[in-house]
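Right, I'll just put the structure down here and ask away after.
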Protein chains: 2
Amino acid sequence: MKDNNDMPGHLARRFQQIAVAVFLAEVEDAGFDLTPVQYAALATIKANPGLDQVTLAGLIAYDRTTITGVIDRLVQKGLAERRASSRDRRARELEITDEGRRTLRKITPAVESAQRILLRGLSAKEGEDLMRLLRKAIAAGNDLSRAPLRETPV
Amino acid sequence: MKDNNDMPGHLARRFQQIAVAVFLAEVEDAGFDLTPVQYAALATIKANPGLDQVTLAGLIAYDRTTITGVIDRLVQKGLAERRASSRDRRARELEITDEGRRTLRKITPAVESAQRILLRGLSAKEGEDLMRLLRKAIAAGNDLSRAPLRETPV
DNA sequence: TACTGATAGTCAGCATACTGAGCAATATCA
DNA sequence: TGATATTGCTCAGTATGCTGACTATCAGTA
């Protein structure tokens, strides 16, 4: 029988498991307490000031029910703010705070270090290849998850 | 600034996200209710009758605190049994039930189909390359997560 | 304008994953 | 043998990620 550990689905789970562990370790070493998910959300808020939650979720492929809790924690840590939108009373506009900006700036080396560690078993070319193939497989499967990546709409 | 969506960590998360969605969809279409994690645990119990929980966790790289709940659900569904070990009174021996065996057999086509769908954007060679590179990166990072893969000890 | 459908956000519930702590039992070694 | 360390398992707490349902609001149209 084929080894279950060799199936693409299992490799996907393992790779993600290691990626999260490495990220958290590097970030903690740098003296911060931020998850990969929180980091991506914060960086995307900074790059798109005033965006609403659904747009944010689409830009980083999070489920809209997940993003609520993530933003809750960013707000609670004082890194982001959630305001009512003036144009659409259903929507909340998101902004990064000065503290959030400071954190992003200081945390960047740790985040980049994590990415290097994640690929440390591969040569530079192999790392490039892996990322290219992952991007291609992901693009083909984008709409298969409930939270697909959405190019900036609007 | 570099696009966050292009970082290896983000690609890892996305690939895993799609892998789980595809697995669940295929398995549900086949008329079953089993998660990727439950499937891997059940298949490993079948292949290693009487193994204990820590060994099972090591064979599929799950955390020991996660495996408890997974087995709870397999037992509750009648697919596996948990017995006290006679050799070590701390340990629990795991066995697959007839129902579990039947389920595994019938679910296999759906599981294989899921793996194909996950790689559907890639050529056969690209799929092979992706898996080879993932295996290599994972092997190099194995000990960086709290739940590393352990070759059958004993 | 009134109706209908879509959209933004939240919530409850469930299933991974992990941290850290704790209990019971086993192993090791002075 | 007796103290110490280790191991197998569980639990409480936290953070994703999802399903499905619900409210409030908006948009399009008859």
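Every value quoted in this text rests on a predicted model; they were computed, and no experiment measured them. Both backbone and side-chain heavy atoms feed into the values below; hydrogens, waters and symmetry mates do not. Convention: sequence-line order gives letters A, B, ...; per-chain numbering from 1.
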* Audit row: Asp33(A), Val27(A), side-chain contact (heavy atoms from CB on, under 4.5 Å) steps and yes/no -> CA-CA 7 Å; Asp33(A) 169 33; Val27(A) 164; over 6 Å; no
* Using 4.0 Å as the upper bound for N to carboxylate O, is an ion pair formed by Glu128(B) and Lys125(B)? ->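 Salt bridge absent between Lys125(B) and Glu128(B).
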* Asked: Which whole-number value in Å describes the distance from Arg13(B) CZ to dC18(D) C1'?
  ->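 Those two atoms, CZ and C1', are 12 Å apart.
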* Asked: Do Thr97(A) and Glu81(A) have a side chain donor and acceptor closer than 3.5 Å?
  ->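 There is no such pair (donor and acceptor under 3.5 Å, judged by atom type) between the side chains of Thr97(A) and Glu81(A).
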* Side chain to side chain, Gln16(B) and Phe15(A), heavy atoms closer than 4.5 Å ->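 No; the side chains remain at least 4.5 Å from each other.
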* State which of dA15(C), dC26(D), dC18(D) makes the closest approach to the side chain of Asp63(A). =>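 Nearest listed nucleotide: dC18(D).
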* Asked: Could you give the CG-to-P distance, from Leu59(B) to dG8(D), as a whole number of Å?
  ->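 Atom CG in Leu59(B) sits about 13 Å away from atom P in dG8(D).
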* To do: Would you kindly say whether Arg14(A) and Asn142(B) are connected by a side-chain donor-acceptor distance under 3.5 Å?
  =>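 Their side chains do contain a donor-acceptor pair, which is all the 3.5 Å distance test asks for.
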* Pairing of Glu93(B) and Arg82(B) as salt bridge, 4.0 angstrom limit ->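 No.
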* Whole angstrom is fine here: how far is it from CG in Asp33(A) over to C1' in dG20(C)? =>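 Spelled out: CG on Asp33(A) to C1' on dG20(C) is 15 Å.
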* Atom OH of Tyr39(A) and atom P of dT16(D): how far apart are they, to the nearest Å? ->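 Distance check: Tyr39(A) OH to dT16(D) P gives 15 Å.
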* Short side-chain N/O contact from Gln16(B) to OP1 or OP2 of dA17(C), under 4.0 Å ->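 Yes.
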* Would you give a per-nucleotide map of nucleotides 1-13 of chain C, 5' to 3', where B means the base has a protein non-hydrogen atom under 4.0 Å away, S means only the sugar-phosphate does, and - means neither? => -----BBSBBB--
* Asked: Taking CD from Gln76(A) and P from dT14(D), how many angstroms apart are they, rounded to a whole number?
  ->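 In whole Å, dT14(D) P lies 10 Å from Gln76(A) CD.
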* Does Lys77(B) or Glu28(A) map to a spot on DNA chain C nearer the 5' end, using the closest nucleotide for each? ->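 Looking at the nearest nucleotide for each, Lys77(B) comes out on the 5' side.
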* Heavy atoms under 4.0 Å, any strand shown: does Thr66(B) hit a base, just sugar-phosphate, or nothing? ->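 Base, at least one base atom sits under 4.0 Å.
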* **Residues Arg90(B), Asp52(B): salt bridge by 4.0 Å N-O rule** =>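 Salt bridge between Arg90(B) and Asp52(B), a charged N being under 4.0 Å from a carboxylate O: no.
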* To do: Indicate, with a heavy-atom threshold strictly under 4.0 Å, whether Ala21(B) touches base, sugar-phosphate, or nothing.
  =>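 Nothing, no heavy atom under 4.0 Å.
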* Asked: Is the distance from OP1 or OP2 of dC18(D) to the nearest side-chain N or O of Gln17(B) less than 4.0 Å?
  ->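 True: Gln17(B) side-chain N/O within range (under 4.0 Å) of dC18(D) OP1/OP2.
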* For the pair made of CG in Leu74(B) and P in dC14(C), what is the distance, rounded to whole Å? ->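 Atom-to-atom, Leu74(B) to dC14(C), this comes out as 17 Å.
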* **Between dC18(D) (P) and Ile18(B) (CD1): distance, integer Å** =>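 For the pair Ile18(B) CD1 and dC18(D) P, the rounded distance is 10 Å.
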* To do: Starting from C1' on dA17(C), measure out to CZ on Phe15(A) and report it in whole angstrom.
  =>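 From Phe15(A) CZ to dA17(C) C1': 18 Å.
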